[in-house]
Amino acid sequence: MSSVLDGFAVVLEPTNLLYCLVGVVIGMLIGVLPGLGPAATIAILLPITFGLEPVTAIIMLAGIFYGAQYGGTITSVLLRLPGEASSVVTVFDGHALTRQGRAGTALGIAAIGSFVGGTLAIIALTFVAPLVADFALDFGPPEYTALALLGILLVATISSGGRLRALTAAAIGLLLATVGRDDFTSAERFTLGNLNLADGLDFVPIAMGLFGLGEILYNLEERHRKVQAPATVANVWPSRADLRQSSGAIGRGSVLGFFLGILPGGGAVLASLAAYALEKRRSKHPERFGKGAIEGVAAPETANNAAATSSFIPLLSLGIPANATMAVIFGALLIQGVTPGPQLITENPELFWGVVNSMYIGNILLLIMSIPLVGLFVRILRVRATILAPITVLITLVGAYTVNNSVFDIGLVIAFGVIGYLMKKLGFDPGPMVLAFVLGSLLETSLRRSLLLFDGDPTGFFTRPISGVLLAALIAVALLPLAQPLLRRRTPLAAEKDRGEEEVGRGTPEARDPGPKEPQAKQAAAGTPDSGAPDPNTSEERNSAT
Amino acid sequence: MTVLVGYLPTAEGEAAFTAAVDEAKRRGEDLLVVNSPRGGAPVSAEAADPERLAALTAEAGRSGVALRLRTTPHTGELADELLHVAAQESASVIVIGLRRRSPVGKLFLGSTAQRILLTADRPVLAVKP
Amino acid sequence: MSTEPVDERPPSAGPLSNLIAAAVVVILGGAAIAGSLALGAGSPSEPGPGTWPLIIGAVLVVLGLALAVRARDTGEAERFTRSGLLVAAAVASMIAFVAVIATIGFEIPTLLLAFVWLRFLGHESWRTSIITSVGIVVVFYALFVGALDVTIPHLF
């Protein structure tokens with residue numbers, strides 16, 4: 001317990017407080033802006049974190065991630081424009097409330113729900129993460145093989161753009177991870193004789209290129225968007241009745257979000273969808289949803305924050321990133337010389353507890369900022385993409401250079417930027433590729449160790465209880481598509497989601513322009529690959545997997 | 001034939017709109033309202049909100065003028081966009097609002113209105129609020 | 001410009017671009033297999049440097065073939081349209097940036113890249129383009145050379 005308290009001492013150092021603030025402000029801003037997701041932002045800012053202490057760096061990057069969950073809400077509620085994929089469902093009731101002149105109420109409830117969800121998830125994390133890590137201390141190479149495979153497969157399953165494409169992207173990511181000297185034999189693999197590649201491909205230029213530059217290039221193509229008049233917000237304080245009405249939704253959203261966030265492949269988007277569906281199903285008056293039900297804002301906003309927080313558990317206690325954003329933070333940890341895994345809590349307690357406890361502060365800061373300063377953040381939406389694009393690109397290119405002082409790295413960023421752009425154009429989500437790249441060497445190393453352990457007998461994986469269970473789960477996930485037609489008939493969740501989308505369409509004030517936001521929502525989903533598009537299959541699979 | 005008015009949710013825009021309704025009524029022509037914000041940003045102060053646009057339609061209706069709306073965002077110069085639409089619709093007159101500006105301000109900024117006045121190939125009605 | 005203000009997306013891609021993507025995947029898988037056989041494939045009991053790439057290569061070939069079979073299912077793929085030329089121009093400007101940054105420092109390439117993106121790719125006005133691109137260089141200089149003291153090549 002004393003290490004938990006020491007963690008608070010770490011957080012309260014002025015530098016860490018400052019970077020926590022910087023992180024949540026940046027997260028809030030990019031959450032407001034549609035297009036650039038948290039994974040891309042963290043990737044672009046990786047070079048800036050090099051000069052920092054590991055704790056400080058991760059505190060800031062984590063702040064960006066959960067800060068984005070707050071920011072995404074604002075534009076969903078005010079403008080029907082989800083800034084992040086995890087706020088897509090908030091649009092239905094949030095914007096309906098705005099049209100009734102209750103935008104302030106919606107934003108206030110969302111902020112309070114986010115705060116409660118985030119805080120409860122941190123408390124739960126404090127107790128659960130050490131248990132998981134303790135359990136995982138017994139893991140050997142076979143367990144890690146199974147866990148890494150399961151993680152990649154689950155992310156591919158819920159990724160946008162279809163399972164086949166996602167698996168292909170993941171396989172390419174695994175292949176990229178093999179470039180460079182082999183850990184066991186030092187044989188040079190796929191380096192084409194290039195000295196720059198002898199040590200393997202660096203994670204930073206790949207993440208910066210695929211997420212950051214790829215997204216910028218993709219958005220460069222003219223996609224005419226509707227330009228809206230600025231919205232005004234009055235009275236952000238929800239009434240006592242609103243609070244009472246949404247308290248149940250906030251409680252359920254916290255629990256649901258927490259558990260969906262822990263799952264590999266889970267995350268904020270899934271949690272927000274599931275929480276919305278749950279509230280609608282539980283409600284005595286489901287017809288109110290989509291017409292301004294306050295629970296329809298409270299539940300998803302609470303759940304996405306809880307999930308964003310709890311998705312740190314697999315990263316910090318197992319060393320397995322659960323989604324693409326966590327993969328980037330994993331990369332940041334490795335660069336700082338910290339290997340996340342079960343030993344992290346005992347070997348590096350000030351880092352672990354410093355980061356975890358910084359989330360309390362971050363959530364308080366976000367609550368303080370998001371209620372009175374909403375108008376300020378909405379102003380950034382007036383900045384044109386044509387002005388933001390060159391600034392972001394130059395930060396990316398110059399930043400890529402500063403990592404290793406190498407022009408070759410800038411070239412790599414551009415190359416992966418082009419690959420990322422082409423992938424998005426062809427419907428491939430780059431998220432699984434980055435995740436697989438990060439897990440690639442762990443997967444290969446533990447697979448080879450296990451094979452040596454089992455003397456080449458692959459059935460050895462099934463004789464160990466933990467790896468056996470994990471592999472059984474793996475096979476279940478792999479076989480799910482076959483069982484899908486059966487599930488489709490039974491789960492009402494997918495149908496609800498469809499109806500929800502219809503409501504967005506009908507809710508448009510301009511009759512000529514039915515549902516102009518869906519493509520955008522999809523874009524946002526593609527932009528934050530930690531998630532996957534809000535696609536009906538997703539909820540089905542999750543339903544049956546949990 | 002149609003009367004074209006460049007509309008912005010400002011005092012100048014309102015003045016231009018009122019004058020344009022009168023002009024359309026006098027000529028017995030319909031009215032095309034162009035509210036074209038600069039594209040690229042999700043939100044712009046140049047964009048009129050849906051309620052305001054509905055009010056404009058109602059106002060024109062009271063004067064017996066048929067109104068069409070065009071809210072496509074533009075890239076580049078607003079003046080070029082307006083002139084382009086005017087040519088496309090073969091507008092009989094373009095109505096614009098003028099801002100009061102000091103001579104120095106004009107020297108630096110080069111206004112949209114000035115550009116329309118100088119380059120339009122059809123009558124332009126310029127209104128001050 | 002008579003289009004209504006909707007979120008325009010390029011039309012969906014045809015089966016051809018999906019087939020090309022599938023072919024690239026198969027070729028990549030084939031190359032991985034060839035490369036890993038050259039490295040020595042090893043055996044399950046004694047995995048060599050080529051074992052793992054060989055497995056991935058085989059998986060890629062299978063996935064590529066599956067993609068080819070389902071080439072009609074375009075998913076979220078988009079067709080390449082004229083606005084793709086913007087992207088090509090943007091990439092060209094970045095390649096030029098990389099080519100000269102090591103020799104002439106970052107200031108002039110940064111200024112030019114920002115200006116080209118603002119004025120020609122973004123159709124901003126001359127005034128906005130000039131002010132913004134100069135502003136970017138000044139801020140970058142203050143940030144990277146002044147505050148962070150990064151070893152980026154610079155003129156001044």
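Throughout, a chain's letter reflects where its sequence line sits, starting with A, and its residues are numbered from 1.
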Undergrad: Count the heavy-atom pairs under 4.5 Å between each of A:Ile410, A:Ile48, A:Leu167, A:Leu397 and chain C, then report the option with the highest count.
TA: A:Leu397

Undergrad: Give the member of C:Gly84, C:Ala102, C:Ala90 that has the highest number of heavy-atom pairs under 4.5 Å with chain A.
TA: C:Gly84

Undergrad: Does any heavy atom of chain A fall under 4.5 Å from the side chain of C:Leu113, the backbone, both, or neither of them?
TA: side chain

Undergrad: Please flag which part of A:Thr168 lies under 4.5 Å from any non-hydrogen atom of chain C: side chain, backbone, both or neither.
TA: both

Undergrad: What's the shortest heavy-atom distance between A:Phe454 and A:Pro142, and which atoms?
TA: CZ-CG, 3.5 Å

Undergrad: Could you look at A:Leu174 and say if it's the side chain, the backbone, both or neither that has a heavy atom under 4.5 Å from chain C?
TA: both

Undergrad: Under a 4.5 Å cutoff for heavy-atom pairs, which residue among C:Val87, C:Leu63, C:Ile101, C:Val98 has the most contacts with chain A?
TA: C:Val87

Undergrad: Using the six-membered ring wherever Trp is involved, compare the ring planes of C:Trp126 and C:Phe115 and label them parallel, tilted or perpendicular (cut-offs 30° and 60°).
TA: tilted

Undergrad: Would you name the heavy atoms of C:Ala71 and C:Asn18 that are closest together and state the gap between them?
TA: O-ND2, 2.9 Å

Undergrad: What part of A:Val407 lies closer than 4.5 angstrom to a heavy atom of chain C: side chain, backbone, both or neither?
TA: both

Undergrad: Report the option among A:Asp182, A:Leu452, A:Leu164 that has the most heavy-atom pairs separated by less than 4.5 Å from atoms of chain C.
TA: A:Leu164

Undergrad: Looking at chain C, which one of A:Leu453, A:Val398, A:Thr402, A:Ile172 has the largest number of heavy-atom pairs inside 4.5 Å, strictly under?
TA: A:Val398

Undergrad: Relative to chain C, which segment of A:Leu213 carries a heavy atom at a distance below 4.5 Å: side chain, backbone, both, or neither?
TA: side chain

Undergrad: Could you check whether any side-chain heavy atom of A:Leu443 comes within less than 4.5 Å of a side-chain heavy atom of A:Thr145, counting everything from C-beta outward?
TA: yes

Undergrad: Pick from C:Ala22, C:Ser17, C:Ser36, C:Pro153: which one has the most heavy-atom pairs with chain A under 4.5 Å?
TA: C:Pro153

Undergrad: Of the non-hydrogen atoms in A:Pro141 and A:Ser450, which two are nearest, and what is the gap between them?
TA: C-OG, 3.4 Å

Undergrad: Checking heavy atoms, do the side chain of A:Val393, its backbone, both or neither come under 4.5 Å from chain C?
TA: side chain

Undergrad: Contact part of C:Phe140 toward chain A, heavy-atom cut-off under 4.5 Å: side chain, backbone, both or neither?
TA: side chain

Undergrad: First locate atom CD1 of C:Ile33, then atom CD1 of C:Ile56, and finally report the distance between them rounded to the nearest 0.5 Å.
TA: 11.0 Å

Undergrad: Side chain, backbone, both or neither: which part of A:Asp455 has a non-hydrogen atom closer than 4.5 Å to chain C?
TA: both

Undergrad: Using atom types as modelled and distance alone, determine if a side-chain donor or acceptor of A:Arg189 lies under 3.5 Å from a backbone N or O of A:Arg181.
TA: no

Undergrad: Between C:Ala21, C:Pro53, C:Ala114, which shows the greatest number of heavy-atom pairs under 4.5 Å with chain A?
TA: C:Pro53

Undergrad: Contact part of C:Val25 toward chain A, heavy-atom cut-off under 4.5 Å: side chain, backbone, both or neither?
TA: side chain

Undergrad: Less than 4.5 Å to any heavy atom of chain A: does that hold for the side chain of C:Thr51, its backbone, both, or neither?
TA: neither

Undergrad: Nearest 0.5 angstrom please: C:Leu19 CG to C:Leu67 CG, how far?
TA: 10.0 Å

Undergrad: Under a 3.5 Å distance rule, please check whether A:Lys424 uses its side chain to pair with a backbone N or O of A:Asp429 as donor and acceptor.
TA: no

Undergrad: Using 0.5 Å steps for rounding, measure from the CD1 atom of A:Ile216 to the CD1 atom of A:Ile395.
TA: 9.0 Å

Undergrad: Under 4.5 Å from any heavy atom of chain A, what part of C:Thr110 do you find: side chain, backbone, both or neither?
TA: both

Undergrad: Look only at the side chain of C:Thr132 and the backbone of C:Ser129, and say whether a donor-acceptor pair between them is shorter than 3.5 Å.
TA: no

